[in-house]
Amino acid sequence: MILIPLVIIVLAPNLHIARELGFFDPHAYNEKRLLEIAALLLLTLVPLLSWNQQSGWQQLLQQIPTRAWVILSAIFILGSLSLQQSALIRMGWNEFGLTFFIFFGTTAVAALRKENHALDTILIFTVTIMAALFFIRFEMFRYLDAPFQHLTPNEKFRHDFTNPRFFNQIQSWVIPLLTLSFLWSRKKLSKFYSLLFILPAASWITLLIFSGSLGPWFGFLVAIVVTGVLFRKQALPWILSMVAATLVGTLIYWFLFSIQIDTAAQTAAQTAERLTSPFSTRLDLWREAWMMSSNHPLLGVSPHHWSYYCDRLGGISRGHPHMSLLQWAAEYGWISTILLLSLMVWAFSSWIKRIKQSNFDDRDLNFRIALTASMLAAATHSLMSGVLVMPLSQFMSVVVIGWMVGIHFSNKPIEKIHWSPVKSIGSLTLILWIGWNFTQSVWPEVRYIINGPHSEMTVLTPSGDFLQPRFWHQGLIPWLQLPSDH
């Protein structure tokens, strides 16, 4: 079972077969979304069909404190009420169903990791192989295809991602983990050979510099500062490994893009332009989301409906506000947002407390610090980008947070409470109920992806603009229930 998310981590950025199969997928976006959906379905449904998997999953669900279940139930009820006011009920179900599939996919990963300490090494091996393959493919494509050398940074990533920012969102999750192979190799190999293991992280730093995105850098800075404050000297090896990866990655960038390429000046100028681009558009998006949340503080405007009610900004329709906190507040309301934040803060403080109270060897301690940094970097990045809504960054959140939950509850006695069977049965019933509705919402649309975009499915927002919610690449969600159908 654990191979499902790990295999998809390797394949999703590197394998592109959707177009060969006839899917409408210019830049492999729909393929990534379909892989995410398939993985979440398998992670959720397989434990229901396997007694051994189901037993481990139920034990994990019983270990989750009652207070957390109360908060999660309140968030679910508020989300259900918000969903009922959807102008486009099918679009609301897309987001609502996917959100709860992400939650139960996370618990499935946690149950698989809980008593399998050896899987930690496999996870790091997986992300390292994925990162190395992507960098090698990127470099080969850039050098073997002559016209590719004259493209902008945006265009050079489009063989794999519609926008380089979609790649940056994965980097926030992955780069803090890539330095672990270097930290783990230092005690077994000489200094020279151990330095080779810094190359996967350094190569992705090179790609990050080339993409010209600020968000991940801000996320890494916050992750370094917070882990340093929380763990002090214990975090120093990981922090130094990130500094080393940054220095080596900068050297690689200078070598590849300043020496070997004739268009070095053009590349540097394009990168600098992206790094210094103003945040005026972001501020407009955040202001729009704030106004929505202020006007609908209790239940929001309904899941996935920010794009429906948002006015065109700069002449362009926007799929999300590039700000996770305000997006949740605008679509689910402030009560749900406060409950979710309180749950996250409580869970994070419990995670940190457990690490500080336990005695780990250097290997396990560095792994927990890297997981913490990965979550902090991605959470920070989500405050200025679409980490919350893009398929691969969503899937990485399932893996990283699921791993953290599984570690937290490992070797921990199950809380014996008299109504635990009821809680387990209720949880499984909830999964089936959400799964049925989610399948009803998404599965009928897959055949539209096979046949390509459909202009006849055009839906207009209240202001008369063309609706482009960001779920599939073409923006359209077919089979929408129009307001006139209510």
Testing the basics here: between I75 and W328, what is the closest heavy-atom pair and its distance to 0.1 Å? CG2-CZ2, 4.2 Å
If you compare all heavy atoms of T126 against all heavy atoms of I122, which two are closest, and at what distance to 0.1 Å? OG1-O, 2.7 Å
Determine yes or no for a side-chain-to-main-chain donor-acceptor pair under 3.5 angstrom, with W173 supplying the side chain and S393 the backbone. yes
Counting heavy atoms not belonging to W334, are there more than 12 under 6.0 Å from its CH2? yes
When you compare the side chain of Y332 with that of L339, does any pair of heavy atoms fall below 4.5 Å? no
Taking the side chain as every heavy atom from C-beta outward, state whether I175 and M242 have any atom pair closer than 4.5 Å. yes
Aromatic ring centroids of W204 and F167 under 6.0 Å? yes
Measure the shortest side-chain to side-chain distance between W290 and S293 over non-hydrogen atoms and say whether it is less than 4.5 angstrom. yes
For A223, is there any backbone N or O sitting under 3.5 Å from a side-chain donor or acceptor partner on T227? yes
Nearest heavy atoms of G333 and T337, plus distance in Å: O-OG1, 2.8 Å
Hey, what do you get for CE (M344) to CE (M375), rounding to the nearest 0.5 Å? 7.0 Å
Run the side chain to side chain contact (heavy atoms under 4.5 Å, CB included) check on W238 and I224 step by step: do they pass? CA-CA 9 Å; W238 177 83; I224 288 172; 3.8 Å; yes
To the nearest 0.5 Å, tell me how far L392 CG sits from L35 CG. 8.0 Å
Identify which one of I352, I239, V226 satisfies the side chain to side chain contact (heavy atoms under 4.5 Å, CB included) criterion when paired with F231. I352
Could you tell me whether a side-chain N or O of Q85 sits under 3.5 Å from a main-chain N or O of G300, the two making a donor and an acceptor? yes
How about F348: does its CZ atom have over 12 heavy atoms from other parts shown lying under 6.0 Å from it? yes
Is there a donor-acceptor contact under 3.5 Å from the side chain of W286 to the main chain of H322? yes
Under the criterion side chain to side chain contact (heavy atoms under 4.5 Å, CB included), I'd like the reasoning laid out for L60 against R113: C-alpha separation, chi angles, the key distance, then a yes or no. CA-CA 11 Å; L60 176 77; R113 163 55 184 87; over 6 Å; no
Are any non-hydrogen side-chain atoms of V301 and Y308 less than 4.5 angstrom apart? no
Whether Q327 side chain and P321 backbone form a donor-acceptor pair below 3.5 Å: no
Can any side-chain N or O of S374 pair as donor or acceptor with the backbone N or O of A370 at less than 3.5 Å? no
If you round to the nearest 0.5 Å, how far is CZ of F395 from CD1 of I37? 12.0 Å
Can you see which heavy atom on M396 is nearest to which on I170, and at what distance? CG-CG2, 4.1 Å
Residue pair Q171 / L207, side-chain heavy-atom distance below 4.5 Å: yes
Between CG on residue L72 and CD1 on residue I77, distance to nearest 0.5 Å: 11.0 Å
Do you know which two heavy atoms are closest between V109 and V399, and how far apart they sit? CG1-O, 3.9 Å
Donor-acceptor pair, H305 side chain versus A87 backbone, under 3.5 Å? yes
Could you check whether any side-chain N or O of T206 sits under 3.5 Å from a backbone N or O of G249, counting only pairs where one atom can act as donor and the other as acceptor? yes
N/O donor-acceptor pair under 3.5 Å between W346 side chain and A68 backbone: no
Decide yes or no for W217 and I205: does some side-chain heavy atom of the first lie under 4.5 Å from some side-chain heavy atom of the second? yes
Side chains of F103 and T99: does their closest heavy-atom pair fall under 4.5 Å? no
Could you please spell out the steps behind the side chain to side chain contact (heavy atoms under 4.5 Å, CB included) verdict for F409 and Q59? CA-CA 10 Å; F409 288 114; Q59 288 180 6; over 6 Å; no
Are E36 and L98 close enough that some pair of their side-chain heavy atoms sits under 4.5 Å apart? yes
Distance col, row L376:CG vs S172:OG, nearest 0.5 angstrom, shows 11.5 Å
Nearest-0.5 Å distance, NE2 of residue H381 to CG of residue L214: 9.5 Å
Which pair of heavy atoms, one from P216 and one from N168, lies closest together, and at what distance? CG-CB, 3.7 Å
Ignoring hydrogens and angles, tell me if any N or O in the side chain of H296 forms a donor-acceptor pair with the backbone of M292 under 3.5 Å. yes
Ring centre gap for F100 and F96 strictly below 6.0 Å: yes
Quick one: do D120 and W403 satisfy side chain to side chain contact (heavy atoms under 4.5 Å, CB included)? Show the steps, please. CA-CA 9 Å; D120 296 348; W403 227 271; 2.8 Å; yes
